[in-house]
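Naming: A, B, ... by sequence-line order, numbering from 1 per chain. Only this structure's heavy atoms are used, side chains among them; waters, hydrogens and symmetry mates stay out.
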Amino acid sequence: MLTSLAPGRASTQALAPQAGLPPAKPAAPALPAVPMPVQLNRMTIFIDPGHGGIDSGSRIGEATLEKNVTLALAFRLRSLLAARGFSVILTRDADATPPNAAGQPITLDDRAGLANHAHPAACLLLHATGSGVGVHLYSSELDPADAEPQPLPWLLAQAAWVAQSRLLERQLASALGKAGVALVRSSASVRPVDSLTCPALVVELAPQSEDPDSINFADYQQQVAQAIAGALVFWPSQVQPPVRLPVPSLPTAGAQP
Amino acid sequence: MIQRHQRIVFWCMVLCILAMAGWLAYERHRGRERIERLADATPIDAPTATTESVMLSLANDSDGTIVAAGRQIALPAEQTARARALIDHLVAEYALPGSPHPLTSGAAVNEVFLIPLPLMGHAVSVPQDSNNAGHETSVPVASTDPNDPQPSSPGGELAVIDLRGSFVEQHPSGVEVESLTIASILGTLHANLPQIEQVRFLVDGQPRETLAGHADLLRTYPSRDTTTTPRP
């Protein structure tokens, strides 16, 4: 079960969605009539190592699978973030993806549901590619919105968080640049980033050099993970969640003409 | 005096020569038919107009850019066939050797559907008076769902592009390469069919989450100018 963790308390967990967590989309609990900021667990970071199990992702070079690179980078990030006092949520901590409530491997929507339930301060979707070099950072392509409407459209849930996502992107880009990592920043519609209710980025790791196998170099992965973890240290005090609009009142039956 | 066995050998050789000549003639005939079939200019598709100038938004994987490039191609007059031909021509460019955004050759699109915006449905209206009892009428009604696509200008259309499963299965996987393919299609449609304001994708008639594991195929994309400048 997910719990709100006190700031500064270090713990890590790989989510088991079958343990009482439905793959629910953002719920609409009873809300006050005035807009209220969305609650955040400021010391929780959600990391989704892309792909897993039968979904290998792309092939990098001759023998490297994307799912293995994302998992290796996720492990490094988890260790470094836990050492800095963060609670880290991984969607998988093994090759295979954990099952959802229906006993099937978790879907992309399930992953977004897990993130939205945890209310983390940042959501990092890890991917890997054989094209280009360095790190590619992508934020959502959605037009920014000022507040979270109710009910929240599943495929547009990120809109209210786009400004925070772009702020986080700048923080990570600055840290990666200082670490000497080649960087590409852009926006893209990558599933399920548009359904996340947290500052969310797609972090795509590319090889260090023209050699595709350099993506597996431990020093390189550690360099990238340290830059990202370092950039997240001050993020909990910087993130400003959007307000959530009250649920529009529905006309009562007696009010019908 | 020619001996009997020599005559037998002679006539056997003559038979072999005749058989070989017959075989060669048969193979020559088959070869000619094959070449004639290849050169057959019988039109399979409906005749199209003369070539016209179109603008393709071409992707480049090396620098992550989309650049506009003019081409002279023949396009059908009908709008949905036009949209389909544009996308197929775009993919054919990417299948050429040395393409900066290499994709496999072959048709990419099953069909393109153009739907006027806003989305309309039909409601059945039952007359109240007894004279017209039993005469139900169907009246067009615009969708009231605020999340449904709305036109930004009168005459705006939603294009639903039904991609072929074979194209999607063979598409390279990666955030950038998939995003460039989507942006390239959006930019090409925007440049040549400006009435298309929004675009949705299907794969073999069904919704699909991603193109090749990354780019979102469930969302509605705005048709827009996607040309970009090279990264520094």
Which region of V193(A), side chain (C-beta onward) or backbone (N, CA, C, O), has a non-hydrogen atom less than 4.5 Å from a non-hydrogen atom of chain B, or is it both or neither? neither
Should we say atom CG of L96(B) is surrounded by more than 12 heavy atoms from elsewhere, each under 6.0 Å from it? yes
What one should report as the nearest heavy-atom pair of G57(A) and S173(B) is C-OG, 4.1 Å
Suppose we screen for side-chain contact (heavy atoms from CB on, under 4.5 Å). Which residues come up paired with P172(B), at least two apart in sequence or across chains? L103(B), V177(B)
D204(B), CG: over 12 other non-hydrogen atoms inside 6.0 angstrom: yes
Assess whether atom CD of Q72(B) is packed by more than 12 heavy atoms of other residues, nucleotides or ligands within 6.0 Å. yes
Could you name the residues of residues 171-178 of chain A that have a heavy atom within less than 4.5 Å of a heavy atom in chain B? none
State which residues pass side-chain contact (heavy atoms from CB on, under 4.5 Å) with Q170(B); sequence neighbours excluded, sorted by chain then number. T104(B), S166(B)
What residue among T129(A), V203(A), L125(A), V190(A) forms side-chain contact (heavy atoms from CB on, under 4.5 Å) with V175(B)? V190(A)
What residue in L108(A), L155(A), D194(A) has the most heavy-atom pairs under 4.5 Å with chain B? L108(A)
What residues of residues 205-226 of chain B sit under 4.5 Å from chain A when only non-hydrogen atoms are counted? E209(B), T210(B), G213(B), H214(B), A215(B), D216(B), L218(B), R219(B), Y221(B), R224(B)
